[in-house]
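Report on the structure given below.
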Amino acid sequence: MLTRDADTEAYINTLENGHIYKDIRAKYGELTDDGRNYKHEYNEIVIRYACEKYNLTTEQLDRIFIDSEIKISEYERSRVKPNN
């Protein structure tokens, strides 16, 4: 099991679709043994799973995942203090 940063996880919870992002991430983690055994075909499994569960198109799901990744990246960069 991966250890995740508590502050980042709390931030994800504030995102409009944070629950969907976390669910997708958890499904990938489940299928890939936390990224240790990735196979390309898992992408289709996760996409199908999330589209059906949340009644979304693949385009909507892609947008949610990409937007979430961008916001998380921006949040994490804002937390880094430059060395002076």
Side-chain angles (χ1 to χ4, degrees):
M1 165 95 70
L2 291 175
T3 303
R4 302 204 184 269
D5 178 71
D7 291 336
T8 300
E9 292 302 296
Y11 174 74
I12 294 169
N13 291 337
T14 70
L15 299 176
E16 179 180 0
N17 293 301
H19 64 291
I20 296 172
Y21 175 85
K22 282 182 145 181
D23 194 19
I24 293 167
R25 188 181 66 185
K27 190 66 170 176
Y28 268 114
E30 174 188 314
L31 291 170
T32 66
D33 192 23
D34 288 328
R36 289 184 280 278
N37 299 308
Y38 173 80
K39 294 180 182 173
H40 181 68
E41 54 267 20
Y42 292 154
N43 293 338
E44 183 62 34
I45 293 169
V46 172
I47 290 167
R48 195 170 339 122
Y49 160 81
C51 286
E52 289 174 9
K53 182 173 182 178
Y54 296 104
N55 195 29
L56 297 169
T57 66
T58 56
E59 292 81 16
Q60 290 170 314
L61 188 64
D62 283 347
R63 181 57 24 213
I64 287 169
F65 195 80
I66 291 167
D67 287 349
S68 297
E69 284 282 309
I70 290 169
K71 289 174 183 173
I72 293 163
S73 178
E74 289 171 348
Y75 170 77
E76 289 178 338
R77 274 191 310 234
S78 75
R79 295 177 53 208
V80 176
K81 305 234 188 285
N83 293 332
N84 289 353

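Small disclaimer: the values here were computed from a predicted structure and weren't measured.
In summary, K27 and E30 engage in a salt bridge, as defined by a charged side-chain N under 4.0 Å from a carboxylate O. In summary, K71 and E16 do not engage in a salt bridge, as defined by a charged side-chain N under 4.0 Å from a carboxylate O.
The closest side-chain donor-acceptor pair between D23 and Y54 falls under 3.5 angstrom.
At a threshold of 4.5 Å between non-hydrogen side-chain atoms, the residues R4 and R25 count as touching. Side-chain contact between N13 and K22: present, with at least one pair of heavy atoms (C-beta onward) separated by less than 4.5 Å. Here the side chains of I12 and Y75 are not in contact, with every heavy-atom distance at 4.5 Å or above.
Cluster annotation: Y38 is not connected to Y49 through the hydrophobic network of ILVMFWY side chains, with a link wherever side-chain heavy atoms come within less than 4.5 Å. In the hydrophobic cluster analysis, where Ile, Leu, Val, Met, Phe, Trp and Tyr join through side-chain heavy atoms closer than 4.5 angstrom, I24 is grouped together with L15.
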task: Give the intermediate values and the outcome of side chain to side chain contact (heavy atoms under 4.5 Å, CB included) for residues L56 and I20.
output: CA-CA 11 Å; L56 297 169; I20 296 172; 4.2 Å; yes

message: Please evaluate residues Y42 and I45 with respect to the criterion side chain to side chain contact (heavy atoms under 4.5 Å, CB included), reporting the C-alpha separation (whole Å), side-chain torsions for both, the decisive distance (0.1 Å), and the verdict.
response: CA-CA 5 Å; Y42 292 154; I45 293 169; 4.0 Å; yes

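The main-chain N or O of E69 is never found under 3.5 Å from a side-chain atom of S73 such that the two would form a donor-acceptor pair. Of the possible polar contacts, one joining the D5 side chain to the T8 backbone as a donor-acceptor pair under 3.5 Å is found.
Taken from OG1 in T58 to CZ in R48, the straight-line distance is 12.5 Å, to the nearest 0.5 Å. How far OH of Y21 is from CD1 of I64: 13.0 Å, rounded to the nearest 0.5 Å.
Other residues, nucleotides and ligands place no more than 12 heavy atoms under 6.0 Å from the CG atom of N55.
Closest non-hydrogen pair, C51 versus L61, comes out as SG-CD2, 3.9 Å.
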